[in-house]
Amino acid sequence: MLDPTLLRTRLDEVRAGLATRGDGLGGDLDRLVALDAERRAILPVLESARHARKDVGERIARARRGGEPVEALVKAGQEHAAAIKEHESRLETVEAERREWALKLPNLPHASVPVGRSEADNVEVRRHGAPPEFDFAPRPHWEIGPALGILDFERGARLAGARFAVLTGAGARLARALINFMLDLHTGEHGYTEVEPPFLASTDALTGTGNLPKFEDDLFKVAGEWDLYLIPTAEVPLCNLHRGEILDGRELPVWYVAYTPCFRSEAGSYGKDVRGLIRQHQFDKVELVAYAAPDTSWDVHEALTRHAEEVLKRLGLPYRTMLLCTGDMGFAASKTYDLEVWLPSYEAYREISSCSNTEAFQARRAGIRFRPDGRGKPEHVHTLNGSGVAVGRALVAILENYQQRDGSVVIPAVLRPYMRGLEAIEPAGG
RNA sequence: GGAGGGAUGGCCGAGCGGUCGAAGGCGGCGGUCUUGAAAACCGUUAGCGGGGAAACUCGCUCCUGGGUUCGAAUCCCAGUCCCUCCGCCA
């Protein structure tokens, strides 16, 4: 949610900022501003009516104690009550519509974000490692995995349909090794607190992060009388951990990391990445979330991005860091870095992590505030999130970048302790 | 799934439908006493939104949402969460 004061006082800037996202929402803003003005007009009228009612109530109590007649006062009270009811219902109507509009507006891009229309306008900020050079024809992971007997798409489909896969043996173990390696790195060296949250979330939680009301189609909803969805990312539970709370500013920033499976219906992505593990309905991810005071959140954003990069560095995977342009950013983000890992099968860098600062956008929706010095007026915190990193895509990157001529796949050194010392996954008996 | 009990300020805990935003205690803060501290004593201490330069002032807030009433922490209905017992279960 955008700052309502900003909407009131600097409408033109907001309009210009949102336009760079290319969502095309000029008229929406006018309606929103009108509703806001209407709300603010009703409020003082309603409040003075309430005051009058309260006043009459006290006079009745006093009259009664003094044994005086109260009929006229009661009559006046009834009239006030009727007026209040009327104003309240009007306010309710206006407020409901205002909120509906407000929740559908995306975040304003930060000034340092390049203006652009699509992926093509993103800016590379740094690069690490170089794509491997093979002296044989490298194969894509959807051939390597099944050949090694560690990855099975047919059986995934048998269990749940298209875009589901099964990992077996060393494949399953590799996924678990990646999860444990990442969690150990972030908790042990980067200072994160590990969380194991519910894997389902309520409408309120998903509204807090910005997934609802606009993107319900991307979610799996639980059938029956449940107000629950499968989480599309651990960002949802981690950002809602402190929903409705007032934090102590002296304890900021706070850092959370969680491993969870993630579930996305990927509606609207038909035909994209149909082969392999790149785009699945279910995938594992280790997610980083930070709550920061506004004056440090941009430093925290850089730090969090570096924490995600460290995973790729230690895994020895070549990657580059991209600053997303205005047109390619997610709904809640004010600024986003994507980490893209080299995938030989695509002969391209593909997204493996996305690190965003949402500033107060989510905090305003979710009511997360802090008191700077532990006292005084609460302000909204800034929330940040980043994949640290996507497990499925990391597994893909390892299979493809570490493949050998004989069909085996070398295990990156940092993962071997998690693989009982296994140095490579061999074709024969894994 | 069945049967009960509960939700009040930072915490504990009172609260006949009418100056109740709420007794009392603890904790916190300020002070007296003391070389210093403790103890004791005195005072003070909820949040949110709006108006005002300020003193101050208006509204909302006793789990949430409805209802009854001139007036609800208090009465009625629905829901959420927590606890105990039974059943079931990893």
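Letters A, B, ... are given to chains in the order of the sequence lines, protein chains preceding strands, and every chain is numbered from 1. All values below come from the heavy atoms of this structure, side chains included, with hydrogens, waters and symmetry mates left out.
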Do the ring centers of Phe263(A) and Phe199(A) come within less than 6.0 Å of each other? no
[N] versus [M] - spacing of their [atom1] atoms, nearest Å:
N      : M      : atom1 : value
G28(B) : C11(B) : P     : 15 Å
U45(B) : A22(B) : C1'   : 15 Å
G30(B) : G49(B) : C1'   : 30 Å
G50(B) : U44(B) : C1'   : 27 Å
U19(B) : U34(B) : P     : 45 Å
A73(B) : U8(B)  : C1'   : 7 Å
U57(B) : A7(B)  : C1'   : 33 Å
G9(B)  : U61(B) : P     : 15 Å

Look at the side chain of [X] and the backbone N and O of [Y], then say whether any donor-acceptor pair between them is shorter than 3.5 Å.
X         : Y         : answer
Thr326(A) : Gly116(A) : yes
Asn401(A) : Leu317(A) : no
Ser353(A) : Ser387(A) : yes

[atom1] of [X] versus [atom2] of [N]: gap in Å, rounded?
X         : N      : atom1 : atom2 : result
His80(A)  : G59(B) : NE2   : C1'   : 15 Å
Glu92(A)  : G66(B) : CD    : P     : 7 Å
His87(A)  : G59(B) : NE2   : C1'   : 15 Å
Arg50(A)  : U61(B) : CZ    : C1'   : 11 Å
Gln78(A)  : C70(B) : CD    : P     : 5 Å
Asp227(A) : G79(B) : CG    : P     : 16 Å
Leu91(A)  : G50(B) : CG    : P     : 14 Å
Lys85(A)  : U69(B) : NZ    : C1'   : 10 Å

Would you find more than 12 non-hydrogen atoms of other residues, nucleotides or ligands less than 6.0 Å from Glu86(A) atom CD? no
Counting only heavy atoms not in Glu154(A), do more than 12 fall under 6.0 Å of its CD? no
Can you tell if the side chain of Leu343(A) reaches within under 4.5 Å of the side chain of Ile278(A), non-hydrogen atoms only? yes
Separation between OG1 (Thr20(A)) and CZ (Arg117(A)), nearest 0.5 Å, reads 11.5 Å
Under 3.5 Å on both distances, the Watson-Crick or G-U partner of [N]:
N      : result
C89(B) : none
G24(B) : C12(B)
C60(B) : G47(B)
G4(B)  : C83(B)
A40(B) : U32(B)
C70(B) : G18(B)

Parallel, tilted or perpendicular: which describes the rings of Trp298(A) and His301(A), with under 30° parallel and over 60° perpendicular? perpendicular
What I want to find out is whether Arg176(A) reaches Asp284(A) closely enough, with some N-O distance under 4.0 Å, to be called a salt bridge. no
Does [X] reach a base, just sugar-phosphate, or nothing at all? Heavy atoms under 4.0 Å.
X        : result
Arg62(A) : nothing
Leu73(A) : nothing
Gly77(A) : sugar-phosphate

Polar pairs (N or O, both sides) under 3.5 Å between protein and nucleotides 55-58 of chain B?
| from | atom 1 | to | atom 2 | distance (Å) |
| --- | --- | --- | --- | --- |
| C58(B) | O3' | His51(A) | ND1 | 2.9 |

Glycosidic class, syn or anti, of U61(B) using a 90° window around 0: syn
Let me know, please, whether Arg53(A) or Leu43(A) comes out on the 5' side of the other along RNA chain B by nearest nucleotide. Leu43(A)
5' precedence on RNA chain B between Arg369(A) and Val74(A) (nearest-nucleotide basis): Arg369(A)
Given [options], which nucleotide is nearest the side-chain atoms of [X]?
X         : options                : value
Arg371(A) : U68(B), G18(B), G47(B) : G47(B)
Arg64(A)  : C48(B), G18(B), C70(B) : G18(B)
Lys54(A)  : U68(B), C60(B), C48(B) : C60(B)

Does OP1 or OP2 of U69(B) have a side-chain N or O of Lys75(A) closer than 4.0 Å? no
